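All values derive from a computational prediction rather than experimental measurement.
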Amino acid sequence: MAFKRNLSKAISLVAFLAAADVMARPVTDEDIANDAKATDSVVTYGIGTQGQRFSSLDKVNTETVAKLTPVWAYSFGGEKMRGQESQPLIHDGTIYVTGSYSRLFALDARTGQHKWTYEARLPDGIMPCCDVINRGAALYDNLVIFGTLDAKLVALDKETGKVVWKKELEDYKAGYSFSAAPMIVKGKVITGVSGGEFGIVGKVEARDAKTGELIWSRPTVEGHMGTLNGKDNGITGTTNASWPGDMWKTGGAATWLGGTYDPETNLIFYGTGNPAPWNSHTRPGDNLYSSSTLAIDPDTGKIVWHYQTTPHDGWDFDGVNELVSFDMMKDGKLIKAGAKADRNGFFFVLDRTNGKFISATPFVTKTTWATGFDSAGKPKVVPENRPGAPVAEGKGKSVFSAPAFLGAKNWMPMAYSPDTKLFYVPANEWGMDIWNEPISYKKGAAYLGAGFTIKPLYEDYIGALRAIDPTTGKIVWEYKNPAPLWGGVLATKGNLVFTGTPEGFLKAFDAKTGKELWKFQTGSGVVGVPVTWEADGEQYVAVASGWGGAVPLWGGEVAKKVKDISQGGMLWVFKLPKS
């Protein structure tokens, strides 16, 4: 009897340990490196560190997508139903999705059953530029890590939701905030900061993902000192080389969108925002490293190369849009390339090993600020389309500029298909009246020196999903949408492209032709980022629904067009019905 009892205890102990091991399976560096190829999980923002947002799953395809059916939906609840821009993560049968007002939810991926919720306790004085959104989290080890609107970084136990560590990124009272999805590179959690409209100084930082301790910090405005392991690590650029006087001390260049990482070159690619203030007449020069893409060494925080898409930005075009790594055949040569659809209206292709300019082609119908780019990668700026300097009476000469400052493409991530070799870009066709005004810096106050009104360019559409051939810059197909497109894109081996619309639809298109093949009404505007994964031999698709973001806040005449769209907060999950 004693033997049987001991055997029974041993079996129970083994079963318990096995179950505990399954529950606590950590996310490893190998999991992150293989995320683009994995089909049973999504552990990175971008479905792979390079940010291609392509899935090799093909059970949902052009032949079967018409049968795609919702299997469950989860409400984010309460009164916090606005601006759901998150991309979900999936690991070991759990979905991790952030919501507005700096919340994070853990749900059973098969059933939608709630596991736990974390809600940040936000102070009254937060100053987010563009709604109370959050774009996603990062997974590493047994942690789920995300940022909050009061500029904090929080690591939670991914099984329980309990706080493991919390760090302050910057002082929210000075205008800093954080809403991007962090990125994991070699055991480090990589973050930027938001707040370019408040005269903050942008930066990219790396912390030990398990402890939150700072490893390196790299400011993104010339003249500021970087650090590595608590010691000075060289000034960014050269003080006053492209900034006059003390303007660099409040220079903006916020890193508010997050980055990508290319393991082949061992480089982090981070975009930087507008120089501050918007009034460009206060700061003659190129204003490095604003409105640029920076390639940063993940081990040291040193800038390896940079490319500035809008030198001396006077239109708030930023440069934060993601650089997506891909391999391109051109003139018989294989190029390790990177592509970026910039807010300024041009689609850029660079050599990602050294930042060398390859091409820039417009992906919207109207770009008034520049006529194109020369062979050296410099814009051919139209001087008379820069808003005029303020005069004694107040505001300067107003100009009509296209695209508008909300961008030909704003934050919403594009996708790339290695099968079609096309990029799928969510674009918008709008312009703005913009003028400059006198401005001086005050800590924690808006630092613009400009006024503006956004206007649609066309009566029949604003948004346009466009398939772009990066070798030529030509638009292969397009889908036009009445309201602006403000959600991310997913491409799959099933020859499908998914994206959402403010009118409430999640839609699927033929990746080669652009034919609309399926749509589902979610009940609120879709400004989230769709993902797909496989469980028990079935392919799932998920997207967050909930209208909000910058358009209803800053959209001028465009905002009037979308004022009746209902807000919301739901995660929708779909799959094919079993035959």
For this session: Measure up the Trp305 and Phe269 rings against each other and bin them: parallel (under 30°), tilted (30 to 60°), perpendicular (over 60°).
Result: tilted
Exercise. Counting N and O atoms only, with roles assigned by atom type, does the side chain of Asn344 sit under 3.5 Å from a partner on the main chain of Thr309, one being a donor and the other an acceptor?
Worked result: yes
Exercise. Is it true that the side chains of Glu322 and Thr260 contain a donor and an acceptor less than 3.5 Å apart?
Worked result: no
Problem set entry | Ser290 backbone acceptor or donor facing Ser292 side chain under 3.5 Å | yes
For this session: Let me see the working for Phe178 and Tyr172 under ring pair (Phe, Tyr, Trp, His ring centres under 6.0 Å), right down to the final yes or no.
Result: CA-CA 9 Å; Phe178 188 78; Tyr172 73 89; over 10 Å; no
For this session: Find out whether Pro379 and Thr310 are in side-chain contact, i.e. whether some heavy atom of one side chain is under 4.5 Å from a heavy atom of the other.
Result: no
Exercise. Do Asp313 and Arg343 meet the salt-bridge criterion of a basic N to acidic O distance under 4.0 Å?
Worked result: no
Exercise. Is there side-chain contact between Ile133 and Ser100, with heavy atoms separated by less than 4.5 Å?
Worked result: no
Problem set entry | Whether Tyr447 and Tyr441 hold their rings parallel, tilted or perpendicular, with breakpoints at 30° and 60° | perpendicular
Problem set entry | Whether Thr499 side chain and Gly488 backbone form a donor-acceptor pair below 3.5 Å | yes
Exercise. When you look at NZ of Lys366, are more than 12 heavy atoms from neighbouring residues, nucleotides or ligands closer to it than 6.0 Å?
Worked result: no
For this session: With the side chain counted from C-beta on, respond yes when Thr236 and Val221 share a heavy-atom pair under 4.5 Å apart, and no when they do not.
Result: no
For this session: Taking Ser75 for its side chain and Gly77 for its backbone only, find out whether a donor-acceptor pair lies under 3.5 Å.
Result: yes
Exercise. Are Arg135 and Thr98 close enough that a side-chain donor and a side-chain acceptor fall under 3.5 Å?
Worked result: no
For this session: Check the pair Phe423 / Phe347 against ring pair (Phe, Tyr, Trp, His ring centres under 6.0 Å), numbers first and verdict last.
Result: CA-CA 10 Å; Phe423 279 89; Phe347 184 87; 5.5 Å; yes
Exercise. Hey, are the side chains of Leu294 and Thr220 touching, using non-hydrogen atoms and a 4.5 Å cut-off?
Worked result: yes
Exercise. Quick check: does any side chain N or O of Ser524 sit under 3.5 Å from a backbone N or O of Gly568, one acting as donor and the other as acceptor?
Worked result: yes
Exercise. With a 3.5 Å cut-off and no angle check, do the side chains of Asp262 and Thr265 form a donor-acceptor pair?
Worked result: yes
Problem set entry | Lys210, NZ atom: more than 12 neighbouring heavy atoms under 6.0 Å | no
Exercise. Relative to the ring of His224, is the ring of Trp248 parallel (under 30°), tilted (30 to 60°) or perpendicular (over 60°)?
Worked result: perpendicular
Exercise. Can you tell me if Thr148 and Ser102 form a side-chain donor-acceptor pair at under 3.5 Å?
Worked result: no
Exercise. Is there side-chain contact between Glu170 and Lys203, with at least one heavy-atom pair below 4.5 Å?
Worked result: yes
Exercise. Under the 3.5 angstrom rule, does the side chain of Asn279 hit a backbone N or O of Pro438 as a donor-acceptor pair?
Worked result: no
Exercise. Is there side-chain contact between Gln308 and Asp286, with heavy atoms separated by less than 4.5 Å?
Worked result: yes
Problem set entry | Ser242 and Asn287: side chain donor to acceptor below 3.5 Å | no
Problem set entry | Side chain proximity check, Trp243 to Pro275, heavy atoms < 4.5 angstrom | yes
Problem set entry | CE-CH2 distance between Met81 and Trp547, expressed to the nearest 0.5 angstrom | 16.0 Å
Exercise. Between CZ of Arg207 and CD1 of Ile145, what distance do you get to the nearest 0.5 Å?
Worked result: 11.0 Å
Problem set entry | Axial cation check for Phe146 ring with Arg103, 6.0 Å and 45° limits | no
Exercise. Is a donor on one side and an acceptor on the other found under 3.5 Å between the side chain of Trp430 and the backbone of Ala408?
Worked result: no
Exercise. Side chains of Glu205 and Thr191: is there a donor and an acceptor less than 3.5 Å apart?
Worked result: no
Exercise. Quick one: does Asp246's side chain have a donor or acceptor within less than 3.5 Å of a partner on Lys249's backbone?
Worked result: no
Exercise. In Å, rounded to the nearest 0.5 Å, how long is the span from NZ of Lys302 to CH2 of Trp216?
Worked result: 12.0 Å
For this session: Enter the distance from Leu228:CG to Asp297:CG here, rounded to the nearest 0.5 Å.
Result: 9.5 Å
For this session: Would you please test Asp342 and Lys340 for salt bridge (Lys or Arg N to Asp or Glu O under 4.0 Å) and show each step?
Result: CA-CA 6 Å; Asp342 200 271; Lys340 175 181 183 178; 3.6 Å; yes
Exercise. Aromatic ring centroids of Phe105 and Phe76 under 6.0 Å?
Worked result: yes
Problem set entry | Donor-acceptor pair between Lys397 and Asn436 side chains, under 3.5 angstrom | no
Exercise. Does one side chain, of Trp411 or Asn321, offer a donor that lies under 3.5 Å from an acceptor on the other?
Worked result: no
Exercise. Is there a donor-acceptor pair under 3.5 Å between the side chain of Thr522 and the backbone N or O of Gly504?
Worked result: yes
Problem set entry | Spacing of OG1 belonging to Thr44 relative to CZ belonging to Arg53, to within rounding of 0.5 Å | 8.0 Å
For this session: For side chain to side chain contact (heavy atoms under 4.5 Å, CB included), just list the numbers for Tyr96 and Lys158, CA-CA rounded to whole Å, side-chain angles, deciding distance to a tenth of an Å, and then say yes or no.
Result: CA-CA 9 Å; Tyr96 303 92; Lys158 67 184 180 67; 3.5 Å; yes
For this session: Please report the C-alpha distance between Lys188 and Asp299 in whole Å, then the side-chain angles of each, then the deciding distance to 0.1 Å, and finally whether the salt bridge (Lys or Arg N to Asp or Glu O under 4.0 Å) criterion is met.
Result: CA-CA 9 Å; Lys188 305 178 188 73; Asp299 302 311; 3.8 Å; yes
Problem set entry | Donor-acceptor contact present, side-chain Lys560 to main-chain Lys563, <3.5 Å | no
Exercise. Under a 4.5 Å cut-off applied to non-hydrogen side-chain atoms, are Arg82 and Val132 in contact?
Worked result: yes
Problem set entry | Pair Asp316-Glu197, side chain to side chain contact (heavy atoms under 4.5 Å, CB included): steps then yes or no | CA-CA 10 Å; Asp316 186 40; Glu197 275 61 57; 3.7 Å; yes
Exercise. Closest approach of Pro484 and Val551, non-hydrogen atoms and distance?
Worked result: CG-CG1, 4.2 Å
Exercise. Would Met432 and Trp315 count as a side chain to side chain contact (heavy atoms under 4.5 Å, CB included) if you check the C-alpha gap in whole Å, the side-chain angles of each, and the deciding distance to 0.1 Å?
Worked result: CA-CA 10 Å; Met432 62 179 171; Trp315 304 268; 4.0 Å; yes
For this session: Would you kindly say whether Asp150 and Tyr176 are connected by a side-chain donor-acceptor distance under 3.5 Å?
Result: no
Exercise. Would you call the rings of Trp369 and Phe373 parallel, tilted or perpendicular, where under 30° means parallel and over 60° means perpendicular?
Worked result: perpendicular
Exercise. Under the side chain to side chain contact (heavy atoms under 4.5 Å, CB included) criterion, do Val164 and Lys162 qualify, and how do the steps go?
Worked result: CA-CA 6 Å; Val164 176; Lys162 301 297 183 182; 5.9 Å; no
Exercise. Judged by modelled atom types alone, do Trp165 and Glu213 share a side-chain donor-acceptor pair under 3.5 Å?
Worked result: no
Exercise. Could you walk me through whether Phe452 and Trp278 pass the ring pair (Phe, Tyr, Trp, His ring centres under 6.0 Å) check?
Worked result: CA-CA 11 Å; Phe452 46 82; Trp278 288 18; 5.3 Å; yes
Exercise. Does the side chain of Glu222 come under 3.5 Å of the side chain of Asn240 through a donor N or O and an acceptor N or O?
Worked result: no
